[in-house]
Amino acid sequence: MIPIRRRFVHTINPLTGLSEKSNLLSATVLAPTCSLADGYATAFMAMGYERAVELVEKLEKVDVYLIYSTAEEEVKVYSTPGFEQALLKE
């Protein structure tokens, strides 16, 4: 198994001008508009997994599929019920 370490993502932190370290490897977002989905996905990548989940649980009409790495270097997935329902629609 290849170890997963905290990786730098392509998102630039506007406060530092540097790329961010993040345990969030991928953020897929469903939102009412494409621009909202893109904005939230970028914000979630910069925040990291824990803070992204905290925020998404407070948002209405925003659903996510997040791939992240744990402290034990395991790759895991988090998805909201709304995201899972959207996948099941024909």
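In what follows, every heavy atom counts, from backbone to side chain, and hydrogens, waters and symmetry copies are set aside. The chain is numbered in sequence order, starting from 1.
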Which atom pairs, donor and acceptor, lie under 3.5 Å between side-chain atoms of residues 44-67 and protein residues at least two apart or in another chain?
unit_1, atom_1, unit_2, atom_2, d
Glu50, OE1, Asn23, ND2, 3.2
Glu50, OE2, Asn23, ND2, 3.3
Asp63, OD1, Thr80, OG1, 2.8

Between the side chain of Ser69 and the main-chain N/O of Glu73, is any donor-acceptor distance below 3.5 Å?
no

Taking distance alone, no hydrogens or angles, what donor-acceptor pairs closer than 3.5 Å link side-chain atoms of residues 26-43 to residues at least two apart or in another chain?
unit_1, atom_1, unit_2, atom_2, d
Thr33, OG1, Ser35, OG, 3.3
Thr33, OG1, Leu36, N, 3.1
Thr42, OG1, Asp38, O, 3.1

